[in-house]
Amino acid sequence: MTLNTKLIRSWQMAAVLTLFAAAVWAQSEGAPSSLPAADKTAGESRGAQTQNPDKGRSDDAYLIGANDVLAINVWKEPDITRSVPVRSDGKISLPLAGELQASGQTPRQLEQEITKRLQSYISDPEVTVIVAESKSQKINILGMVARPGTYLLSGSTTVLDAIAMTGGFKDFAKQKSIYILRSSPEGTQKRFPFNYKEVVKNRRSEKDVALKAGDRIVVP
């Protein structure tokens, strides 16, 4: 074998080894390259969750009621910041602000009222009101349903929604004889009949009663 032939073969072998090494290096570098993208996505997802300043705040449609627990935060005022229950008379007490009517107001409205009261003592108070525990906006469903009990009332819950939450009727439930009991502020009680079969069969959504806090649905 001539010297030139040996040199050519040596160069060919070196080229093959170089290509093989490059392929191994690319594969080892390429595998982890997908991990940062996943980490970035997870990070962005976590960021989207943690950067929402209103997370946990009740929406503006929620009406505060008796027995709700409110978390009231006044920025840089730890002596005023606290959790307070709404009394049976619908009021709360707060240092400097005094007694305030909370029941029947939205968290946003109560924020504005507290801010107004504190302006006499604090320069530009920043107030946040969160419903920490909702104990007033509830309904009771009794009788021949799968899971009778107390349920949290959302903004637009109807009788059909409530029945769905319980898992539906038991056997022999009198679906034409359902009724809703509603107490008035004066202490009287009204009874509203509800014919489930009529509403569903004829798709009469206008007959689907919108529920209010404290309503009791009875399924005989």
Side-chain angles (χ1 to χ4, degrees), residues 53-122 125-143 145 147-166 178-194 208-220:
D54 288 332
K55 186 177 181 181
R57 176 180 294 185
S58 298
D59 62 60
D60 288 341
Y62 183 90
L63 292 179
I64 298 168
N67 301 318
D68 283 346
V69 178
L70 307 179
I72 301 175
N73 179 72
V74 184
W75 191 56
K76 291 188 176 181
E77 297 293 339
D79 293 336
I80 304 176
T81 297
R82 61 192 60 204
S83 292
V84 294
V86 181
R87 303 196 305 257
S88 59
D89 62 358
K91 296 183 178 181
I92 61 170
S93 295
L94 204 64
L96 300 182
E99 287 203 345
L100 302 106
Q101 180 67 36
S103 182
Q105 297 200 68
T106 66
R108 181 78 64 181
Q109 290 171 333
L110 187 56
E111 284 177 7
Q112 294 170 350
E113 181 61 26
I114 294 172
T115 300
K116 183 179 177 181
R117 296 276 191 98
L118 293 179
Q119 283 175 342
S120 301
Y121 308 94
I122 301 170
E126 294 185 22
V127 180
T128 301
V129 175
I130 297 172
V131 180
E133 294 182 50
S134 176
K135 295 184 177 182
S136 64
Q137 302 296 310
K138 294 181 179 180
I139 55 174
N140 289 294
I141 308 172
L142 313 171
V145 290
R147 295 187 299 274
T150 302
Y151 290 83
L152 187 63
L153 181 68
S154 64
S156 58
T157 303
T158 66
V159 175
L160 291 183
D161 295 328
I163 292 170
M165 287 190 290
T166 68
I178 300 169
Y179 57 92
I180 301 101
L181 296 175
R182 178 172 296 166
S183 298
S184 67
E186 294 78 23
T188 60
Q189 191 174 74
K190 292 183 179 181
R191 175 170 169 157
F192 302 92
F194 183 82
D208 191 9
V209 179
L211 298 173
K212 295 184 178 181
D215 280 354
R216 285 181 291 168
I217 303 169
V218 181
V219 181

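Numbers for residues simply follow the sequence, beginning at 1. Note that this is a predicted model, so its numbers are computed, not measured.
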Quick check: do Leu152 and Ser134 have side-chain heavy atoms less than 4.5 Å from each other?
yes

Using the side chain to side chain contact (heavy atoms under 4.5 Å, CB included) rule, pick out the option among Glu113, Arg108, Gln109 that qualifies with Glu111.
Arg108

Any side-chain heavy-atom pair from Val218 and Ile178 closer than 4.5 angstrom?
no

Quick one: pull up CD in Gln137 and CD1 in Ile64 and give me the separation to the nearest 0.5 Å.
9.5 Å

In terms of side-chain geometry, is the basic nitrogen of Arg87 or Asp89 positioned less than 4.0 Å from the acidic oxygen of its partner?
yes

Can you spot which of Val129, Val84, Asp68 makes a side chain to side chain contact (heavy atoms under 4.5 Å, CB included) with Ile92?
Val84

So how far is it from Ile139 CD1 to Thr150 OG1, rounded to the nearest 0.5 Å?
9.0 Å

Would you say the side chain of Thr157 lies within less than 4.5 Å of the side chain of Met165, judging by non-hydrogen atoms?
yes

Within a 6.0 Å radius of atom CZ on Phe192, are there more than 12 heavy atoms belonging to other residues, nucleotides or ligands?
yes

Side-chain contact, heavy-atom cut-off 4.5 Å: Leu160 with Phe194?
yes

Measure the spacing between CG of Leu100 and OG of Ser93 and express it to the nearest 0.5 Å.
8.0 Å

Between the side chain of Asn67 and the main-chain N/O of Pro85, is any donor-acceptor distance below 3.5 Å?
no

Looking at Arg117 and Glu99, would you say the former's side chain and the latter's main chain have a donor-acceptor pair under 3.5 Å?
yes

Pairwise side-chain contact, Ile80 with Ile122, heavy-atom cut-off 4.5 Å (strictly under):
yes

Minimal heavy-atom distance between Ser136 and Ala213, with the atoms involved, is O-CB, 3.5 Å

Could you give the distance from CZ (Arg216) to CD1 (Ile141), rounded to the nearest 0.5 Å?
13.0 Å

Quick one: which of Thr166, Leu181, Leu211 gives a side chain to side chain contact (heavy atoms under 4.5 Å, CB included) with Ile217?
Leu211

Taking the side chain as C-beta and beyond, is there a heavy-atom pair between Pro95 and Glu77 under 4.5 Å?
no

For the residue pair Leu142 and Pro148, establish whether any side-chain heavy-atom pair is separated by less than 4.5 Å.
no

